[in-house]
Amino acid sequence: MLSKVDHLGIAVANLEEGIALYRDQFGLPLEGIEEVASQKVRVAFLQAGETRVELLESTSPDGPIAKFLASRGPGVHHVAYRVDDVRAAMAEAKAKGLQPLSEEPKPGAHHTLVCFLHPKQTGGVLIELVQAQKE
């Protein structure tokens with residue numbers, strides 16, 4: 001089902017401060033910033049070898065990242081894995097007793113379709129399934 005780690009999602013209270021840390025202190029090149037309305041976030045991607053670091057800043061006080069920050073503070077939010085077909089991966093996950101957090105995949109950053117799996121069945125880790133779409 002999973003082919004490789006696509007990115008690590010890190011919740012931050014302030015996107016510019018997060019970028020400064022990872023770009024200026026750790027030397028990771030910034031790929032870009034975009035808003036993902038379906039997830040109520042602004043994201044910045046920085047390249048770290050073959051994997052990216054995705055910094056997530058909430059755009060809404062009722063968004064999932066705002067809730068995460070309120071309960072846990074800044075830090076690792078999720079691990080995203082690349083899949084060839086997100087709908088097939090969702091069906092396979094359900095068949096194996098894993099709970100997707102949505103019935104259908106949602107638009108993600110960088111022209112992707114995404115679905116999250118509930119951390120109660122994934123060892124306490126929020127897993128994101130990511131399918132690249134053709135631009």
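Computation of the quantities below employed the complete heavy-atom set of this structure, encompassing side-chain atoms and omitting hydrogens, waters and symmetry-equivalent molecules. Keep in mind the model is a prediction, meaning the values are calculated, not measured.
- A donor-acceptor contact shorter than 3.5 Å is absent between the side chain of T122 and the backbone of G124.
- Summarising the geometry of A132 relative to T112, their closest heavy-atom pair is CA-CG2, 4.2 Å, with the distance given to 0.1 Å.
- Note on I33: it clusters hydrophobically with F26, by side-chain heavy-atom contacts below 4.5 Å among ILVMFWY residues.
- Here V43 sits in one hydrophobic cluster together with V36, V41, F45, L56, I65, L69; the rule is ILVMFWY side chains under 4.5 Å apart, joined directly or through other members.
- Here K120 pairs with nothing under the side chain to side chain donor-acceptor pair (under 3.5 Å) rule; sequence neighbours left out.
- The side-chain contact (heavy atoms from CB on, under 4.5 Å) with E17 is formed by just one residue from the set L15, N14, L21; it is N14.
- Although no hydrogens or angles enter the test, the distance criterion places a donor-acceptor pair under 3.5 Å between the side chain of S3 and the main chain of R82.
- Judged by distance alone, with hydrogens and angles left aside, the side-chain atoms of S102 form a donor-acceptor pair with the main-chain N or O of E104 at under 3.5 Å.
- With sequence neighbours excluded, the residues forming a side chain to side chain contact (heavy atoms under 4.5 Å, CB included) with D85 are R87, A88, Q131, listed by chain and number.
- Residues in residues 26-44 take part in these side chain to side chain donor-acceptor pair (under 3.5 Å) pairs, two or more places apart or across chains: E16-R42, K40-D62, R42-E57.
- Under the ring pair (Phe, Tyr, Trp, His ring centres under 6.0 Å) criterion, H77 pairs with F68, sequence neighbours left out.
- The distance from the CG atom of L126 to the CZ atom of F116 is 5.5 Å, given to the nearest 0.5 Å.
- Residues forming a ring pair (Phe, Tyr, Trp, His ring centres under 6.0 Å) with Y81 (at least two apart in sequence, or on another chain): none.
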For residues 92-100, tabulate all N or O donor-acceptor pairs below 3.5 Å that involve a side-chain atom, not counting sequence neighbours.
from	atom 1	to	atom 2	distance (Å)
E92	OE2	K96	NZ	2.9

N/O donor to acceptor pairs below 3.5 angstrom from side-chain atoms of residues 48-55, sequence neighbours left out:
from	atom 1	to	atom 2	distance (Å)
R52	NH2	D6	OD2	3.3
E54	OE1	H7	NE2	2.9
E54	OE1	H78	NE2	3.2

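- Checked against side chain to side chain donor-acceptor pair (under 3.5 Å), R72 has no partners two or more places apart in sequence or in another chain.
- Residue L113 is grouped with residue V83 when hydrophobic side chains (ILVMFWY) are merged at heavy-atom distances under 4.5 angstrom, including chains of intermediate members.
- Inter-residue side-chain proximity for M90 and P105 is flagged as met; some heavy-atom pair is nearer than 4.5 Å.
- In the hydrophobic clustering of ILVMFWY residues, with side-chain heavy atoms under 4.5 Å counting as a link, L117 and L101 come out apart.
- In this structure Q25 satisfies the side chain to side chain donor-acceptor pair (under 3.5 Å) test with no other residue, sequence neighbours excluded.
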message: Please determine whether side-chain contact (heavy atoms from CB on, under 4.5 Å) holds for the pair I19 and L30, giving the CA-CA distance in whole Å, both sets of side-chain angles, and the decisive distance to 0.1 Å.
response: CA-CA 8 Å; I19 290 169; L30 177 65; 4.3 Å; yes

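- A search for side chain to side chain contact (heavy atoms under 4.5 Å, CB included) contacts involving V125 returns V79, I127, not counting sequence neighbours.
- Distance CG/L46 to CD1/I10: 9.0 Å, rounded to 0.5 Å.
- Remark: R23 pairs with no residue by the salt bridge (charged side-chain N to carboxylate O under 4.0 Å, His left out) rule, at least two apart or across chains.
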